[in-house]
Amino acid sequence: MERDSSPSDQFHRYKNLIQNGDNPDITKERQGASFNLYNMQCFVYENDHKLQRRQEILEFVESHREFDDPVHPHFLNRDEQIDRATRKCLAMVDNLDAIDVTDYFDEAPLYQLLTIGRELHCLSLHYGMFLPTIQVHTEKSLILGPFQMAASKAILGTFAQTELGHGSNLSKLETTATYDATTKEFVIHTPTMSAGKWWPGGLGKSANYAAVMAQLYTSGESKGPHLFMVQLRDNAHAPLPGVTVGDIGPKLGNNANDNGFLIFDHYRIPRRNMFMKYSKVEADGTYIPPPHAKLGFGAMVLVRLLMIRDQTCQLGAAAVIAIRYSAVRHSAVRQGEINEGEGEVQILDYRTQQYRLLPQLARSFPSSQRMRSRNSTSKYVTKQINNNANMELLPELHALSSGLKAVITWEVAQGIEQLRLSCGGHGYSRASAFPDMYAYAVGGCTYEGENIVMLLQVARFLMMIAKEVRSGNPKLAEIAEYIAKPDAVTARISSWKTCSDEDIIHDFEAVTRKLIFATFDRLTTLERTMKKKEAWNACSIDLCKAARMHVKTYLVKNFLARVRTCEDPASRTVMHTLAKLYAFDLISGGGGHFMKGGFLSEKQFNEVQLGIYEMLAAIRPDSVALADSWAISDLELRSVLGRRDGNVYPALLEWAQQSPLNQN
Ligand SMILES: CCCCCCCCCCCCCCCCCCCCC/C=C/C(=O)SCCNC(=O)CCNC(=O)[C@H](O)C(C)(C)COP(=O)(O)OP(=O)(O)OC[C@H]1O[C@@H](n2cnc3c(N)ncnc32)[C@H](O)[C@@H]1OP(=O)(O)O
Ligand SMILES: Cc1cc2nc3c(=O)[nH]c(=O)nc-3n(C[C@H](O)[C@H](O)[C@H](O)COP(=O)(O)OP(=O)(O)OC[C@H]3O[C@@H](n4cnc5c(N)ncnc54)[C@H](O)[C@@H]3O)c2cc1C
């Protein structure tokens, strides 16, 4: 059938409608802000140098043609996605002097987002786990060899731990590394089908090396899981004899990453290929144990800390998109009028919409901020461990990194979904970026330690503290000091305007303490009639609840503390309201815990609910400026709905035009 014009022509007709300049609604929002944007951005990124570096890195990427996308990545099939990501990875690595490569908190992730986008790719595991593993687990005298090879692209690695049959439970991994003292080699072997490595990123097609977790056997004895550096492919990139390797197929997201499988058939590696910083196998097969049994899991602790910051930034970006869109969405489709006859309003004016957006925006700030200080704690702990095996802080760091990882990845994934819903139908389009963000975030709930499993690790730590407190001789980590404070019978929270930070902290600590001890008492009672592990299982839902509250209390305290450091009064006022909104929203969501035993009265609970309404109204005029305070460029955001200029509809038309279905 003949047509008057092609879809492409039609789109070009509409393209003429693209507005010049910013959408007037969004401009008006910016003009109405109560604080200076630059001051706020400096607070968010800690100083103006970091802010300036963001701009410099953006300009660098924008000025390099090799980072351009000829076709929008959303319209590529999986092969093309992998090709694109690989091309971009090469360009990224060829231009590493654009950033401080040691800055895994700000510069490296920003550079990666700008060059490739929001997904794992063939180099994610190389940079995200393989290099950290080398750093954490290699003796200083040896670090330069593999590290330099890895940095110079001679080797491309992954982290191969999870197996078909076991992921969370590392002690039951089945891959074996048996020391042969006659040849001074380890024999790496996959003894059963369930022992096949499954999931490692970049393994399917890209990596030629892997850090492999395997059960060590030496002198006929099992020594538990240990890490080994294993070459998988030869110089022509073909799998070496004894190695079977491939891609595991498409996943919910991150499809530019070639997650793979790996099977060993009595594959031999030299003795020195065991990561021997902490535990060793001597040439004669003698085993030297590590100074702490769990030091072998150190790389995971480090990556969990990195993930927290990385994931929180995803929530920040999602909030930016939804807030900007809510400021410009009102006239194209009738959503209703608040005051009849006065015309439609921006959807941002609906209280329900604010309730969807602003608590998520609030949630995105504290964890990104505090992770900077946690990162220094991690560096400090690593230093302590290296300098003469001081392991005292290790359990605290493990509990904190596990707990934050579990709570934050969950909140980020749920938050992104809530923000997607807040954008109606357009939120469902990949043009919005929400589907990719969600797929990325939700993966983080599983990898690097499944969230429930991580919460139960926190609970172990809390139960140990509770036992010490009850024994009257507690030696408490800083994050747990509040557990030894005296019980509080009633809550202090009043109206949001009059209640102090101390009141809020008091109430969070009291409720969490109660929850921890109630769980501890239940556990100890059960242990009288059950085996320890059965008792643990029987109250593990409560254990997870206590762990969650402990982490949330930590986040509330840190958010409030961080706001107090803000030097600009106008920024501090808005951030303080946002921090209170964050706390009140958590109380409202966790009402059961707070009202139990009459701790929070009904009147106080009503104050909390009312306070949320009032704070939403108070923050509303600043919401677009608060979104801008994340200082995220359009290239980093990769969302048609979240464009800085607010010109959403023409951009949506332009985006749809690239669909291959419209090409003929
Ligand atoms: C250079 C620049 C380049 C620029 C471009 C690149 C840019 C890159 C920038 C990167 C930016 C950052 C982005 C971050 C994202 C990174 C992406 C990476 C993608 C990741 C992909 C996924 C990888 C993986 O998933 S790898 C596999 C992970 N697997 C797990 O996590 C398994 C989980 N299981 C466990 O950890 C354990 O089995 C555990 C802890 C559940 C149980 O341990 P257990 O020993 O089996 O048993 P248990 O009896 O419970 O514990 C005994 C005892 O030990 C304590 N314990 C356990 N673990 C630890 C630990 N790690 N540390 C300290 N203590 C520990 C435990 O608490 C018990 O103590 P007690 O109670 O006192 O007895
Ligand atoms: C996108 C992605 C990328 C990945 N990349 C890598 C990689 O590069 N390298 C690598 O080695 N691995 C990787 N993994 C694997 C990942 O680390 C594991 O999937 C993860 O550790 C969870 O293990 P599992 O799959 O065995 O889940 P399981 O442990 O089987 O969990 C299934 C269910 O059992 C529950 N459960 C398990 N144990 C307990 C317990 N003790 N108590 C209570 N409940 C329990 C869990 O809570 C969960 O509900 C990746 C996974 C994904 C999704």
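In each ligand, atom 1 is the first atom listed, and ligand 1 is the first ligand listed. The shown structure was predicted, so the numbers you read here are calculated from the model rather than taken from an experiment. Basis for what follows: all heavy atoms, side chains included, without hydrogens, waters or symmetry-related copies.
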So, does G167 sit close enough to ligand 1 that a heavy atom of it is under 4.0 Å from the ligand?
yes
When you measure from atom 24 (P) of ligand 2 to every protein heavy atom, which one gives the shortest distance, and what is it?
G167 CA, 4.0 Å
Can S168 and E450 be counted as having a side-chain donor-acceptor contact under 3.5 angstrom?
no
Note: ligand 2 atoms sitting under 4.0 Å from heavy atoms of L456 are 42 (N), 43 (C)
Using heavy atoms and a threshold below 4.0 Å, how should the contact between R304 and ligand 1 be classified: side chain, backbone, both, or neither?
side chain
Going by distance alone, is a donor N or O of one side chain under 3.5 Å from an acceptor N or O of the other, for H189 and Y217?
no
Do K205 and I82 touch side chain to side chain, with heavy atoms closer than 4.5 Å?
no
Return yes or no for this condition: an N or O of T162 is under 3.5 Å from an N or O of ligand 1.
no
Taking both backbone and side-chain atoms of M300, is any N or O found less than 3.5 Å from an N or O belonging to ligand 1?
no
For atom 1 (C) of ligand 2, what's the nearest protein heavy atom and its distance?
Y447 CD2, 3.6 Å
Just going by heavy-atom distances, which of S168, G202, G443, S401 is nearest to atom 34 (N) of ligand 1?
S168
Could you check which of W199, F130, F159 puts a non-hydrogen atom nearest to atom 13 (C) of ligand 2?
W199
So F130 and L156, do their side chains get closer than 4.5 Å, heavy atoms only?
no
To which of H292, Q161, Q311, R309 does the heavy atom nearest atom 27 (C) of ligand 1 belong?
Q161
What is the nearest protein non-hydrogen atom to atom 29 (O) of ligand 2, stated with its residue, atom name and distance?
S168 OG, 2.5 Å
Which atoms from ligand 2 have a heavy atom of G201 less than 4.0 Å away?
7 (C), 8 (O)
From the candidates P200, S171, C313, G449, the one that places a heavy atom nearest atom 46 (O) of ligand 1:
S171
Distance below 4.0 Å between atom 34 (O) of ligand 2 and any protein heavy atom?
no
Could you work out, for atom 44 (N) of ligand 2, the closest of I452, L203, L252, N254 by heavy-atom distance?
I452
Is the closest N or O pair between E450 and ligand 2 shorter than 3.5 Å?
yes
Measure the shortest side-chain to side-chain distance between L125 and N259 over non-hydrogen atoms and say whether it is less than 4.5 angstrom.
no
Proximity of M92 to ligand 1 by residue part, where a heavy atom lies under 4.0 Å
side chain
Please work out which of L295, D103, L125, V458 has its closest non-hydrogen atom nearest to atom 21 (C) of ligand 1.
L125
If you measure only the distance, is there a donor-acceptor pair under 3.5 Å linking the side chains of T409 and N451?
yes
For ligand 1, is any non-hydrogen atom under 4.0 Å from V453's backbone (N, CA, C, O), its side chain (CB onward), both, or neither?
side chain
Does any N/O atom on V453 come nearer than 3.5 Å to any N/O atom on ligand 2?
no
Which heavy atom of the protein is the closest neighbour of atom 16 (C) of ligand 2, given with residue, atom name and distance?
T162 OG1, 3.7 Å
Would you mind running through ligand 2 and noting each atom that sits below 4.0 Å from a heavy atom of L125?
8 (O)
Check if M464 has a non-hydrogen atom at a distance under 4.0 Å from any atom of ligand 1.
no
Protein heavy atom at shortest distance from atom 7 (C) of ligand 2:
P200 CA, 3.4 Å
Evaluate the 4.0 Å heavy atom contact test for atom 52 (C) of ligand 2: does a protein atom fall under the cut-off?
yes
Polar-atom distance check: Q112 versus ligand 1, any N or O pair below 3.5 Å?
no
Ignoring hydrogens and geometry beyond distance, is a side-chain donor-acceptor pair present between Y209 and N273 at under 3.5 Å?
no
Non-hydrogen side-chain atoms of L216 and F186 separated by less than 4.5 Å
yes
Would one find an N or O of Q457, backbone or side chain, under 3.5 Å from an N or O of ligand 1?
yes
Is R309 paired with D106 through a side-chain N to carboxylate O contact shorter than 4.0 Å?
yes
Are D265 and I263 side-chain neighbours, meaning at least one heavy-atom pair lies under 4.5 Å?
no
Out of curiosity, is S124 lining ligand 1, as in a heavy atom under 4.0 Å away?
no
Would you list the pairs meeting side-chain hydrogen bond (donor to acceptor under 3.5 Å, both in side chains) in which at least one residue belongs to residues 535-545, sequence neighbours left out?
R522-D542
Specify side chain, backbone, both or neither for E448, according to which of its non-hydrogen atoms lie closer than 4.0 Å to ligand 1.
both
Quick one: look at Y127 and ligand 1, take heavy-atom pairs under 4.0 Å, and tell me if it's side chain, backbone, both or neither.
side chain
Are the side chains of Y554 and L404 in contact, using a 4.5 Å heavy-atom criterion?
yes
Could you tell me if the side chain of Y447 sits less than 4.5 Å from the side chain of L120, heavy atoms only?
yes
Under 3.5 Å, is there a donor on one side chain and an acceptor on the other for E163 and T175?
yes
Any idea which atoms of ligand 1 are less than 4.0 Å away from a heavy-atom of K294?
44 (P), 45 (O), 52 (C), 53 (C), 54 (O), 55 (C), 56 (N), 57 (C), 59 (C), 60 (C), 62 (N), 63 (C), 64 (N), 65 (C)
Ligand 2 to Q161, heavy atom cutoff 4.0 Å, flagged ligand atoms 11 (O)
Please work out, at 4.0 Å between heavy atoms, whether the side chain, the backbone, both, or neither of W199 comes within that distance of ligand 1.
neither
Check whether any side-chain heavy atom of M129 sits under 4.5 Å from a side-chain heavy atom of E448, and report yes or no.
yes
Looking only at non-hydrogen atoms, the one of L120, L164, T446 nearest atom 21 (O) of ligand 2 is T446
Residue list, salt bridge (charged side-chain N to carboxylate O under 4.0 Å, His left out) with E56, at least two apart or on another chain
R53
